[in-house]
Amino acid sequence: MHVEEAEAIQERLRAEVDLTGPGPADPATVAGLDVAYAEDGARLAAAVTVLDARTLALVDSAVVTGRPAFPYVPGLFAFRELPALEAALDRLTVRPEVLICDGHGLAHPRRFGLACHLGVVTGLPALGVGKTPLVGTWEPPAPERGAWTDLRDGTETVGRVLRTQAGVKPVFVSVGHRIGLDNASSLVLRLAPRYRLPETTRQADRLCRDALAGRRP
DNA sequence: GCGACAG
DNA sequence: ATCTTGTCGC
């Protein structure tokens, strides 16, 4: 796989992204996906955790270890983690209603970030939560929890800069597939009652780190 | 041409 | 992503 092919795949698959309708406003189950890398970068662990959206209780999870499928290239990040994340998703026994991805969706140079890609290949509603920006400009949201501003790239709104905790650096929420920005944002806020990142992401992060360290749950 | 650049 | 030293706070 080369950069040119990867970009061509993105250009082709982005036509499959469904941006119609508000999508799920009150899903019963939500999945968090994350990947951890070994120090030398030769090995990785991908984890998916499924939580009850109301109680945030863990209802299912899966982890797989493997190798990065592509070098890290900004804009082609999905090609690095997608195979392992799909393998982890295949191991779930329950099908989550929304995927919460660690990275961006539409807030991407070609409007096809990891969240869009995962949404298209799984057919599931998906959204992205990035910790740092990839594209776009924004004004800092007010300091209180729940405050937000538009993330814009040129004339388009590609996401939202959302303050999930008062006085803490905001996160970058963008739509991936089959969910609108309003529902995506309110869902992320609900999933982050105490920390900056949604519980889905936090639990997946812990799970893949533990798996990499060779720990047995 | 020079930076910037999800994880 | 991961490493990295100390620091502030519950």
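Basis for what follows: all heavy atoms, side chains included, without hydrogens, waters or symmetry-related copies. Order of the sequence lines fixes the chain letters, A, B, ..., with proteins taken first and strands second; residue numbering starts at 1 for each chain.
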Checklist entry - Do you know which of A/L134, A/V129, A/V161, A/L162 makes side-chain contact (heavy atoms from CB on, under 4.5 Å) with A/F172? => result A/V161
Checklist entry - Taking atom C1' of C/dA1 as reference, at what distance in whole Å does atom CG of A/L114 sit? => result 14 Å
Next on the checklist: Distance check needed: C/dG9 P versus A/Y195 OH, whole Å only.
Outcome noted: 18 Å
Checklist outcome for this item: Among the nucleotides B/dC5, B/dG7, C/dT2, whichever has the atom closest to the side chain of A/E39 is C/dT2
Checklist entry - Atom CZ of A/F77 to atom C1' of B/dG7: distance rounded to whole Å? => result 4 Å
Checklist entry - Going by heavy atoms in the side chains, are A/L181 and A/T157 under 4.5 Å from each other? => result yes
Checklist outcome for this item: note: A/R194, atom CZ; C/dC10, atom P; distance rounded to Å ~ 12 Å
Next on the checklist: Exactly one of A/N183, A/T200, A/L127, A/L191 should register a side-chain contact (heavy atoms from CB on, under 4.5 Å) with A/V98. Which one does?
Outcome noted: A/L127
Next on the checklist: So is the aromatic ring of A/Y72 stacked onto the base of B/dG7, judging by whether the centres are under 5.5 Å apart and the planes are under 30° apart?
Outcome noted: yes
Item to check | Within residues 140-177 of chain A: residues closer than 4.0 Å to DNA chain B (heavy atoms) | outcome: none
Next on the checklist: Let me check something: do A/L124 and A/L114 share a hydrophobic cluster, defined by ILVMFWY side-chain heavy atoms less than 4.5 Å apart, either directly or through other members?
Outcome noted: yes
Next on the checklist: At less than 4.0 Å, is any side-chain N or O atom of A/T132 found next to OP1 or OP2 of B/dG7? Yes or no.
Outcome noted: yes
Next on the checklist: What's A/L76 touching, base or sugar-phosphate or nothing? Going by heavy atoms closer than 4.0 Å.
Outcome noted: base
Checklist entry - Rounded to whole angstroms, how far apart are CZ on A/R209 and C1' on B/dG7? => result 12 Å
Checklist entry - Tell me: CG of A/D102 to P of C/dA1, nearest whole Å? => result 7 Å
Checklist entry - How long is the line joining CZ of A/R110 and P of B/dA6, in whole Å? => result 13 Å
Item to check | Pair listing, ring pair (Phe, Tyr, Trp, His ring centres under 6.0 Å) test, anchored in residues 23-81 of chain A, at least two apart | outcome: A/F70-A/F79, A/F79-A/H117
Next on the checklist: Show me, range against range, the stems involving DNA chain C, built from at least 3 consecutive Watson-Crick or G-U pairs below 3.5 Å.
Outcome noted: none
Next on the checklist: Taking 4.0 Å as the cut-off, does a side-chain nitrogen or oxygen of A/R80 come that near to OP1 or OP2 on C/dA1?
Outcome noted: no
Checklist entry - Any side-chain N or O of A/K131 less than 4.0 Å from the OP1 or OP2 oxygen of B/dA6? => result no
Checklist entry - Taking CG from A/L134 and P from C/dA1, how many angstroms apart are they, rounded to a whole number? => result 14 Å
Item to check | Sugar-phosphate, base or nothing in reach of A/P109, heavy atoms under 4.0 Å | outcome: nothing
